[in-house]
Amino acid sequence: MTGRADRWIRRTTIGCVALLALIAGTVSYLHMHTLVALHGQPGWVAALTPLSVDGMIVAASTTLLADSRSGRKGSALPWALLIAGSVASLAANVAVAEPTLIGRVIAAWPSFALTASYELLTRQVRRAAVRKDRRAGQPQQQRSAAAVERASAPGLALVPPTRRARAGRGAGDDLQRQAWQWALSRQASVGILPSGKAIASVHGRRERWGRLVKSAGQAGAYNVPGLRPVAGHGVEGS
């Protein structure tokens, strides 16, 4: 799925959730206002009580949305507040509805639809955040791996022959070339190309250094005149 398609899907979901929030908030406010007034509270209390419930739902929802943007699922507190507010709104809707099954389902539906749609939105935002973090982490992992590679093989710089010709022959390059020449000489005398461990041991280096020298030499990086390694035994003239 392309990034543009993801954005359009997320925007469509946001639009649907906003519309449902407007519908559910209006219905819930009217039902809760009626319920509070029926229980003997003054007019200003009846007008403000629904706002306290809806405000708690909005605060919990935005907190969960912020957690989703960071790739987290959300802590227990905002979820508890969202569920408590939704249950209170749902109960108020059902309490003032017509005392029939159909009437109560109709009154409860807007709050249920809003809660379910909001959870779908948070899942989309959470998945998008996880994908973004993975893409951002790949370059950093590559840089870290390169740094570890350089630290584990000091003095070793395996570069193409053209670059080495321009840069000249440094001390590290000379040692690698000498190590490869020694390996070819050893192959000529005993019939077997030495291991990377043996190459490194003779030249006072780590085993990994010897393996890299051997790999580079077999790939033709050192261009030893007159000789080249042969798969198997011995040395073949160029």
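Everything quoted here is computed from the prediction, not taken from an experiment. As a basis for the values below, the full set of heavy atoms in this structure was taken, side chains included, without hydrogen atoms, waters or symmetry mates.
Figure legend: Arg177 and Trp180 shown without cation-pi pairing, the cationic atom not lying both under 6.0 angstrom from the six-membered ring centre and within 45 degrees of its axis.
Between Leu82 and Ser61 the shortest heavy-atom distance is CD1-OG, 3.5 Å. For the residue pair Trp209 and Ala200, the shortest heavy atom distance occurs at CE3-CA, 4.3 Å. Across all non-hydrogen atoms, the minimal contact from Gly25 to Asp54 is O-OD2, 4.0 Å. In terms of heavy-atom proximity, Pro78 sits nearest to Ala60 at O-CB, 3.3 Å. Taking every heavy atom of both residues into account, Val94 and Ala108 meet most closely at CG2-CB, 3.9 Å. Shown here for Pro50 and His33, the closest heavy-atom pair between the two residues is CG-N, 3.7 Å.
Using a distance-only test at 3.5 Å, with no hydrogens or angles considered, a donor-acceptor pair links the side chain of Ser52 to the main chain of Thr49. Using modelled atom types, one side-chain atom of Thr63 and one backbone atom of Ala59 make a donor-acceptor pair closer than 3.5 Å. Between the side chain of Ser89 and the backbone N or O of Ser86, no donor-acceptor pair lies under 3.5 Å.
Contact annotation: the side chain of Ser28 approaches that of Asn93 to within less than 4.5 Å [non-hydrogen atoms, C-beta and beyond]. When side chains are defined from C-beta on, Arg104 counts as touching Pro99, because their heavy atoms get closer than 4.5 Å. The side-chain heavy atoms of Tyr29 and Val53, taken from C-beta on, include no pair separated by under 4.5 Å. Annotation: side chain of Arg211 is in contact with side chain of Arg208 (closest heavy-atom distance under 4.5 Å). A 4.5 Å side-chain heavy-atom check between Trp109 and Ile106 finds every atom pair outside the cut-off.
Remark: His31 NE2 to Thr26 OG1 distance equals 11.0 Å, nearest 0.5 Å. The distance from atom CD of Gln178 to atom CD of Gln176, rounded to the nearest 0.5 Å, is 10.5 Å. Atom OG of residue Ser201 and atom NZ of residue Lys197 lie 8.0 Å apart, to the nearest 0.5 angstrom. The distance from atom CD1 of Ile9 to atom CZ of Arg11, rounded to the nearest 0.5 Å, is 12.0 Å. Between the OG atom in Ser195 and the CZ atom in Arg186 there is a gap of 10.5 Å [rounded to 0.5 Å]. Between the CD1 atom of Ile57 and the CG atom of Leu81 there is a distance of 10.5 Å, given to the nearest 0.5 Å.
Within 6.0 Å of the CH2 atom in Trp182, the count of heavy atoms belonging to other residues, nucleotides or ligands exceeds 12.
Screening Leu212, Leu175, Ile199, Val213 for a side-chain contact (heavy atoms from CB on, under 4.5 Å) involving Arg205 leaves a single residue, Leu175.
No chain of hydrophobic side-chain contacts below 4.5 Å, direct or via other Ile, Leu, Val, Met, Phe, Trp or Tyr residues, connects Leu77 to Leu64.
Hydrophobic cluster membership for Leu90: none, as no Ile, Leu, Val, Met, Phe, Trp or Tyr side chain comes under 4.5 Å of it.
Taking Ala92 as the reference, Met32, Leu35 meet the side-chain contact (heavy atoms from CB on, under 4.5 Å) condition, with sequence neighbours excluded.
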